[in-house]
Amino acid sequence: MDDNELPADVALMWRVRAAPRRGPKPALTLDDIVAAAVAIADEEGDLGAVSMARVAERLGNSTMALYRHVKSKDDLLVLMSDAAIERPDPLPVGIDWRTGLTFWADGVMTAIRKHKWYANVPISGPPAGPNNLAWFDLALGALQDTGLPEEAKVGVVMGLITYVQGQIRVSFDLTAGFDDDPAAFEHYGATLARVVDPRVYPAVAKVLAAGVFAAGVGFEESNDADFDFGLQLYLDGVAAFIERVTG
């Protein structure tokens, strides 16, 4: 690839193309294709439901018509992953870095929870599409007054992305399991208590004895509490890092 040439996936996401040919405007656009693919995935809750043929059928076009805009399903997935997350709201004025990153993380969770299939999109590289890059920019902006060098800001944000993406995937998988068999979650503590030998699993036995897995907390509330707990632990580490670097 020439040094001045954009990677194909980046050029596709940013709609960087050669000058259009003369003639009538095409009836089908790339945005139409992506919107139809996202709609199918949302309706089915499954990324596997998306195929070039099904998207073409949804749009009332031939599959070959799609290939004039998108070379493969892999390209379509790249476009879907950027389109689905949409643009973030701006950070509230006057907030500190910790409130800003909390706002950012909650916003990412809210955006992605609208699309159950999103957790199954392959992550093939750092943020590069316009929407994902807007979220990246927002998180970096939350750290602008911390005094951290730019490289450290990127490290903090990439670590936060790793945490949030991991929690999203775990949350979606657990939600699917709960929907299939809620009793398994409700009786988890009682089930473990019947098989856990304190001599073999002493730490787990202490957790059970403390009633940590007792029923009584709603699944969604527990999921949100776990996410916030882990987020605040991560931000505690970031606070200590900022103090060490700038103090």
Side-chain angles (χ1 to χ4, degrees), residues 10 13 81-176 178 185 203 206-207 210-214 216-247:
V10 176
M13 286 187 288
S81 68
D82 194 67
I85 198 170
E86 301 177 346
R87 291 295 179 104
D89 292 327
L91 292 173
V93 177
I95 61 175
D96 61 15
W97 69 265
R98 186 171 188 135
T99 305
L101 290 184
T102 300
F103 174 88
W104 180 92
D106 290 341
V108 172
M109 285 292 283
T110 298
I112 293 180
R113 276 179 172 169
K114 299 175 184 177
H115 310 286
K116 293 181 179 180
W117 51 270
Y118 197 94
N120 295 318
V121 175
I123 300 174
S124 57
N131 290 344
N132 276 282
L133 204 60
W135 284 94
F136 191 41
D137 185 79
L138 189 73
L140 289 171
L143 296 166
Q144 64 180 347
D145 296 327
T146 60
L148 288 175
E150 299 305 315
E151 184 178 2
K153 291 176 187 175
V154 171
V156 168
V157 174
M158 291 306 294
L160 183 57
I161 289 173
T162 300
Y163 171 73
V164 173
Q165 288 281 3
Q167 284 295 109
I168 287 169
R169 289 171 186 262
V170 169
S171 173
F172 281 16
D173 286 347
L174 286 176
T175 298
F178 180 81
F185 286 75
K206 288 181 179 179
V207 169
V212 174
F213 296 131
V217 179
F219 178 72
E220 289 296 336
E221 292 86 349
S222 176
N223 230 357
D224 290 341
D226 288 345
F227 173 74
D228 189 61
F229 180 72
L231 174 63
Q232 297 311 315
L233 283 181
Y234 180 78
L235 296 180
D236 285 346
V238 173
F241 174 68
I242 292 173
E243 177 63 26
R244 185 168 73 250
V245 172
T246 65

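As a basis for the values below, the full set of heavy atoms in this structure was taken, side chains included, without hydrogen atoms, waters or symmetry mates.
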A.B. asks: Minimum heavy-atom separation for Pro149 to Val245, with atom names?
C.D. replies: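 Closest heavy-atom pair between Pro149 and Val245: CD-CG1, 4.0 Å.
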A.B. asks: With distance as the sole test, does Trp135 use its side chain to make a donor-acceptor pair with the main-chain N or O of Glu86 at under 3.5 Å?
C.D. replies: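 Yes; at least one donor-acceptor contact below 3.5 Å.
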A.B. asks: Do you know which two heavy atoms are closest between Leu138 and Phe103, and how far apart they sit?
C.D. replies: CD2-CE2, 4.5 Å
A.B. asks: Atom NZ of residue position Lys153 - does it have more than 12 heavy atoms of other residues, nucleotides or ligands inside 6.0 Å?
C.D. replies: yes
A.B. asks: Give the minimum heavy-atom separation between Ile168 and Ala119, together with the two atoms involved.
C.D. replies: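 Closest pair (atom of Ile168, atom of Ala119, distance): CG2-CB, 4.2 Å.
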A.B. asks: OG1/Thr162 to OH/Tyr234 distance, rounded to the nearest 0.5 angstrom?
C.D. replies: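 The OH atom of Tyr234 is 7.5 Å from OG1 of Thr162, to the nearest 0.5 Å.
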A.B. asks: How far apart are the closest heavy atoms of Val164 and Trp104, and which atoms are they?
C.D. replies: CG2-CZ3, 4.0 Å
A.B. asks: Show, in sequence, the C-alpha distance, side-chain angles and deciding distance for Asp96 and Thr99, and conclude whether the side-chain contact (heavy atoms from CB on, under 4.5 Å) test is met.
C.D. replies: CA-CA 6 Å; Asp96 61 15; Thr99 305; 2.7 Å; yes
A.B. asks: Is there a side-chain contact between Arg113 and Phe172 (heavy atoms, below 4.5 Å)?
C.D. replies: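 Contact flag for Arg113/Phe172 side chains = yes.
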A.B. asks: Do the side chains of Trp97 and Val238 get nearer than 4.5 Å, heavy atoms only?
C.D. replies: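 Sidechains of Trp97 and Val238: in contact.
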A.B. asks: Do Ile85 and Asn132 make a side-chain contact, defined as non-hydrogen atoms from C-beta onward lying under 4.5 Å apart?
C.D. replies: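 They are in contact (side-chain heavy atoms under 4.5 Å apart), so the answer is yes.
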A.B. asks: Please report the closest heavy-atom contact between Pro88 and Ala134, naming both atoms and the distance.
C.D. replies: CD-CB, 3.7 Å
A.B. asks: Does any part of the side chain of Arg98, heavy atoms only, come nearer than 4.5 Å to the side chain of Asp236, both counted from C-beta?
C.D. replies: yes
A.B. asks: Are Phe213 and Phe185 close enough that their ring centres sit under 6.0 Å apart?
C.D. replies: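 Centroid separation for Phe213 and Phe185: 6.0 Å or greater.
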A.B. asks: For the residue pair Thr102 and Gln232, establish whether any side-chain heavy-atom pair is separated by less than 4.5 Å.
C.D. replies: yes
A.B. asks: Within this structure, what is the CG-NE2 distance for the pair Asn120 and His115, rounded to the nearest 0.5 Å?
C.D. replies: 14.0 Å
A.B. asks: Please give me the minimum heavy-atom distance between Leu143 and Val156, naming the atom from each residue.
C.D. replies: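 Looking at all heavy atoms of both residues, the shortest contact is CD1-CG1, 3.9 Å.
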A.B. asks: Just jot down the side chain to side chain contact (heavy atoms under 4.5 Å, CB included) partners of Ala83, sequence neighbours excluded, or say none.
C.D. replies: Val34
A.B. asks: For the atom pair NZ (Lys114) and CE (Met109), what is the distance rounded to the nearest 0.5 Å?
C.D. replies: 13.5 Å
A.B. asks: Taking Tyr118 for its side chain and Ser81 for its backbone only, find out whether a donor-acceptor pair lies under 3.5 Å.
C.D. replies: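 It does hold such a pair.
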A.B. asks: Taking the side chain as every heavy atom from C-beta outward, state whether Leu231 and Leu160 have any atom pair closer than 4.5 Å.
C.D. replies: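 Yes, side chains in contact.
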A.B. asks: Measure the spacing between CE of Met158 and CG of Leu140 and express it to the nearest 0.5 Å.
C.D. replies: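 Interatomic distance, Met158 CE to Leu140 CG, rounded to 0.5 Å: 10.0 Å.
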